[in-house]
Amino acid sequence: EAGVTQSPTHLIKTRGQQATLRCSPISGHTSVYWYQQALGLGLQFLLWYDEGEERNRGNFPPRFSGRQFPNYSSELNVNALELEDSALYLCASSSDGWVQPQHFGDGTRLSIL
Amino acid sequence: QKEVEQNSGPLSVPEGAIASLNCTYSDRGSQSFFWYRQYSGKSPELIMSIYSNGDKEDGRFTAQLNKASQYVSLLIRDSQPSDSATYLCAVNSGGYQKVTFGTGTKLQVIP
């Protein structure tokens, strides 16, 4: 069974640019979650999508947005990039909203110059 | 009070010893509890899921859940240097339909 896949592995941007990160969940999983993990810090919840709808959102500004497609894949968009957006962005999927465990992809490391 | 609390560590144990990692949570309605292992620079990996009171064993790992006291723990027997990582506790909050992660406990197994 293929796991959660994320692309790209690394992404280098400059301040003010936009970044798009992509995630494909495990087959059969309908829920996709996005997290930000800055170096040495814990997971910060960004967004949760289920069945194409945004179900919950963490305490992040509106320039962090995303969507889920009919095939349950998802993308995270970050506009007007700032230096502090440099982090590992992790996508996870689960077969339901919150009872079953989340399974993580390898992440996208976003670096802002 | 944080929703999910863990001691940040580091917790240092000698090789071969039992490592005990603890996690407390605030929502009495929580139903699902998970332990993840995260190596530095890598993504979290699911180790154990536990849903009912008591112990659940999987190899060298044992998860213990006590809903009355609102804590969940992870025991690692015969600790190995390869177990050195940060261990994350995650708890669902049924009423709010979300899973909350603790900040993690860093474990160091000393050869």
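Each chain gets a letter, A, B and so on, in the order its sequence line appears, and its residues count up from 1.
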Original post:
Do B:Trp35 and B:Tyr25 share a hydrophobic cluster (ILVMFWY, side-chain heavy atoms under 4.5 Å, transitive)?
Top reply: yes

Original post:
Are B:Tyr71 and B:Leu107 grouped together when hydrophobic residues (ILVMFWY) are joined by side-chain heavy atoms under 4.5 angstrom apart?
Top reply: no

Original post:
Quick check: are there more than 12 heavy atoms from other residues, nucleotides or ligands sitting under 6.0 Å from CZ of B:Arg60?
Top reply: yes

Subject >> Proximal component of B:Tyr51, with respect to chain A [non-hydrogen, under 4.5 Å] >> reply: side chain

Original post:
Where along residues 105-113 of chain A does a heavy atom come under 4.5 Å of chain B, listed by residue number?
Top reply: A:Gly105, A:Asp106, A:Arg109

Original post:
What do the steps show when you test A:His103 against B:Glu45 for side chain to side chain contact (heavy atoms under 4.5 Å, CB included), and what is the final call?
Top reply: CA-CA 7 Å; A:His103 299 270; B:Glu45 172 192 10; over 6 Å; no

**OP:** Would you mind listing every disulfide bond (SG atoms under 2.5 Å apart) that reaches into residues 32-86 of chain A, with sequence neighbours excluded?
**Re:** none

Original post:
Do A:Phe45 and B:Phe101 have ring centres separated by under 6.0 Å?
Top reply: no

Subject >> Joint hydrophobic cluster, A:Val32 plus A:Val99, side-chain heavy atoms closer than 4.5 Å >> reply: no

Subject >> Test ring-ring contact (aromatic ring centres under 6.0 Å, His included) applied to A:Tyr89 - qualifying residues, sequence neighbours left out >> reply: none

Subject >> ILVMFWY cluster, B:Ile50 and B:Ile76 together (side-chain gap under 4.5 Å) >> reply: yes

Original post:
Checking A:Gln44 against chain B: side chain, backbone, both or neither under 4.5 Å from a heavy atom?
Top reply: neither

Original post:
Quick one: of B:Leu46, B:Thr103, B:Leu88, B:Thr100, who has the most non-hydrogen atom pairs under 4.5 Å with chain A?
Top reply: B:Leu46

Original post:
Between atom OG1 of B:Thr86 and atom CG of A:Leu43, what is the distance when rounded to the nearest 0.5 Å?
Top reply: 10.5 Å

Original post:
To the nearest 0.5 Å, how far apart are CG in A:Leu90 and NZ in B:Lys42?
Top reply: 12.0 Å

**OP:** Could you pull out all residues at least two apart from B:Tyr87 that satisfy ring-ring contact (aromatic ring centres under 6.0 Å, His included)?
**Re:** none

Original post:
Going only through I, L, V, M, F, W and Y residues with side-chain contacts under 4.5 Å, is there a path from A:Leu21 to A:Tyr35?
Top reply: no

**OP:** Determine whether more than 12 heavy atoms belonging to other residues, nucleotides or ligands lie under 6.0 Å from atom NZ of A:Lys13.
**Re:** yes

Original post:
Just by distance, do the side chain of B:Tyr36 and the backbone of A:Phe104 share a donor-acceptor pair under 3.5 Å?
Top reply: no

Subject >> Choice from B:Ser43, B:Ser49, B:Gly104 maximising heavy atom contacts with chain A below 4.5 Å >> reply: B:Ser43

